[in-house]
Amino acid sequence: MHPITATRAAQTAGAPGDFRIEAEDGAARAGVLHTGHGPVPTPIFMPVGTVGSVKALAPDDLNALNARIILGNTYHLYLRPGDEIVARRGGLHRFAAWDKPILTDSGGYQAFSLSGLRKISEEGVLFRSHLDGSKHLFTPEKVLDIQRNLGSDIMMVLDECVPYGTDHDYTARSIRLTTRWALRSRAAFPAEMTRGGAAHNLLFAITQGGFFRDLRTASVEELAPHDFDGFAIGGLSVGEPKPEMYELLAHTAPQLPAGKPRYLMGVGTPLDIMAGIRCGVDMFDCVLPTRNARNGTLYTSLGKVNIKRREFAEDDGPLDPACSCYACRTFSRAYLRHLYVSGELLSFRLNSLHNLTHYLDLVTRARQHILAGTFEDLYAATAALYPDDAA
RNA sequence: GCGGACGUAGCUCAGUUGGCAGAGCACCUGGUUGUGGCCCAGGGGGUCGUGGGUUCAAUCCCCAUCGUUCGCC
């Protein structure tokens, strides 16, 4: 079939918001999520492009490595260049020349990561801009306005992400606030206006609950009955010991509505992602592959490679013999190390290209294994590759 | 040629009224989880230009010498 015809066929195979599960292997699922910009096979990893750019890469690169959906950030794009400027340019897809789906984070995480610059109230989050110090009130309604201006395919509700170590009392009040915000979001932007509108903006809710099983369950129970297009697990990987993260993940993921996509936010390492899939999670995003690429930590079929190490100074072999990315096909480890040590821009590009290729290949293989009923083999192989990361 | 200043870690330089030799950067090794290319943690490294002298003890004081540099003739 002609590529364009094939794309149209795939797009018409489901309406935006449809999530079809094709196979299950244990708790792991292989499916397809339909969006306003085409289908997304799951499980999927979503490269992070905070300000409308996956750092160091162009859309051509993302297509080459088989990226199917990328992330943008409400808070960052609202501050710069401004969501209305993006809207007047035809939305983020047109502005950034990316024609596949975009998921936008709500800014809830920035309330956590930039916690010195914000104040949380019933109304919303008051931010002090990290760029110029100006104040901005982000309400649940406002962040959806922004995300609609951006033309987001998958909008995230505003949530409160509490730091590791937050006590039960505060966390209990926090999940109720996050629930109220989610319901305000849905009420202000009903499904017929978002998913059913011209832009087909899906809306995902975010469950929280810190590191308390009862609160994780409560958060899911409060949100699950409502008409969201997907459900996320937020607030993990915020500094807790690994076993605790895996425990809460295994506790929470199976409770999320089975027929909707499940999204584990901000996670994680290759093994974290395999662990998530094994618990029934469908979608992941993480800055790790791109940030670590820029800092010389590369993920390969042989495990983690610190390309800055001196031992690679005269290593003429490819970074990863099993990888088909441009960097692995073309350059030696010695050259990649030289580029990194020299601070060359090409180092950011090649390393990012490689790490994202590795991540996308990994979830693609996960999908194939689920369809074949052999996902446990892939999980075991990944766990063996990262013995120190295992729970 | 005369006079002065300076020679301490790979680099730029502190410091010691004479008592186990310091910083920043660089280098090496980790870390990085809903992104500020940042940041964090740990580590290796010096016959204190060289040779003498004084002293219990000299990188420090004295002499000589080599080097760098500035000024003057």
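Throughout, protein chains are lettered first and strands after them, A, B, ... in sequence-line order, and every chain is numbered starting at 1.
- Ionic pairing of A:D83 and A:R88 is not present here: no N-O contact between side-chain nitrogen and carboxylate oxygen is shorter than 4.0 angstrom.
- Less than 4.0 Å separates RNA chain B from at least one heavy atom of each of the following residues of residues 119-154 of chain A: A:H130.
- Checked for salt-bridge contact, A:R20 and A:D18 meet the test: a charged N lies under 4.0 Å from a carboxylate O.
- Look at A:R365 and A:D361 and you find no salt bridge, because none of the NZ, NE, NH1 or NH2 atoms lies under 4.0 Å from a carboxylate O.
- Taking a pair as Watson-Crick or G-U wobble with both distances under 3.5 Å, RNA chain B forms stems of 3 or more consecutive pairs at B:1-7 with B:66-72, B:10-13 with B:22-25, B:27-31 with B:39-43, B:49-53 with B:61-65.
- For the ring-ring contact (aromatic ring centres under 6.0 Å, His included) test, residues two or more places apart in sequence or in another chain that qualify with A:Y326 are A:F331.
- Among residues at least two apart or in separate chains, ring pair (Phe, Tyr, Trp, His ring centres under 6.0 Å) pairs with a member in residues 292-314 of chain A are A:Y299-A:Y359.
- Judged by distance alone, the side chain of A:D320 and the main-chain N or O of A:S301 form a donor-acceptor pair under 3.5 Å.
- Taking atom P in both B:U29 and B:C48, the straight-line distance is 29 Å, to the nearest Å.
- For the pair A:R29 and A:D282, the salt-bridge criterion is met [side-chain N within less than 4.0 Å of a carboxylate O].
- Straight-line distance between the C1' atoms of B:U69 and B:G49: roughly 15 Å, to the nearest whole Å.
- Take A:D145 and apply the salt bridge (charged side-chain N to carboxylate O under 4.0 Å, His left out) test, not counting sequence neighbours, and it matches no residue.
- A distance of about 14 Å separates the P atoms of B:C6 and B:C60, rounded to the whole Å.
- A salt bridge links A:R213 with A:E247: the distance from a Lys NZ or Arg NE/NH1/NH2 to an Asp or Glu carboxylate oxygen falls below 4.0 Å.
- When each of B:U35, B:G34, B:U32 is scored by its nearest atom to the side-chain atoms of A:K304, the top-ranked nucleotide is B:U32.
- The C1' atoms of B:U8 and B:U68 are separated by 15 Å, rounded to the nearest whole Å.
- Taking the charged nitrogens against the carboxylate oxygens, A:R349 and A:D61 do have a contact shorter than 4.0 Å, which makes a salt bridge.
- Distance check on atom C1': B:U55 versus B:C62 gives 12 Å, rounded to whole Å.
- Atom name C1', nucleotides B:C66 and B:G24: the rounded distance is 30 Å, in whole Å.
- When each of B:G34, B:C27, B:U32 is scored by its nearest atom to the side-chain atoms of A:T297, the top-ranked nucleotide is B:U32.
- Side-chain nitrogen and oxygen atoms of A:R337 include at least one within less than 4.0 Å of the OP1 or OP2 phosphate oxygen of B:C28.
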Under 3.5 Å, which N/O atoms of the protein pair with N/O atoms of nucleotides 37-41 of chain B?
residue : atom : partner : partner atom : Å
B:C38   : N4   : A:N295  : ND2          : 3.1

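- As judged by a 4.0 angstrom heavy-atom cut-off over every strand, A:G107 is placed among residues making no nucleic acid contact.
- RNA chain B is contacted by both A:L114 and A:V238; A:V238 maps to the nucleotide lying nearer its 5′ end (nearest heavy atom per residue).
- Minimum heavy-atom separation, A:T74 to A:F138: CG2-CE2, 4.4 Å.
- At the phosphate of B:U35, OP1 or OP2 sits under 4.0 Å from a side-chain N or O atom of A:N73.
- When the C1' atom is compared between B:U65 and B:A26, the two are found 33 Å apart, to the nearest whole Å.
- At the phosphate of B:G34, neither OP1 nor OP2 sits under 4.0 Å from any side-chain N or O atom of A:H76.
- Residue contacts for A:I206: at a heavy-atom cut-off of 4.0 Å it reaches a base atom on one of the strands shown.
- Comparing B:U35, B:G34, B:C27 by their closest approach to the side chain of A:D159 singles out B:G34.
- No salt bridge links A:E222 with A:R176; every basic N to acidic carboxylate O contact stays at or beyond 4.0 Å.
- Residue A:N292 contributes atom CG, which lies 9 Å from atom P of B:U33 at whole-angstrom precision.
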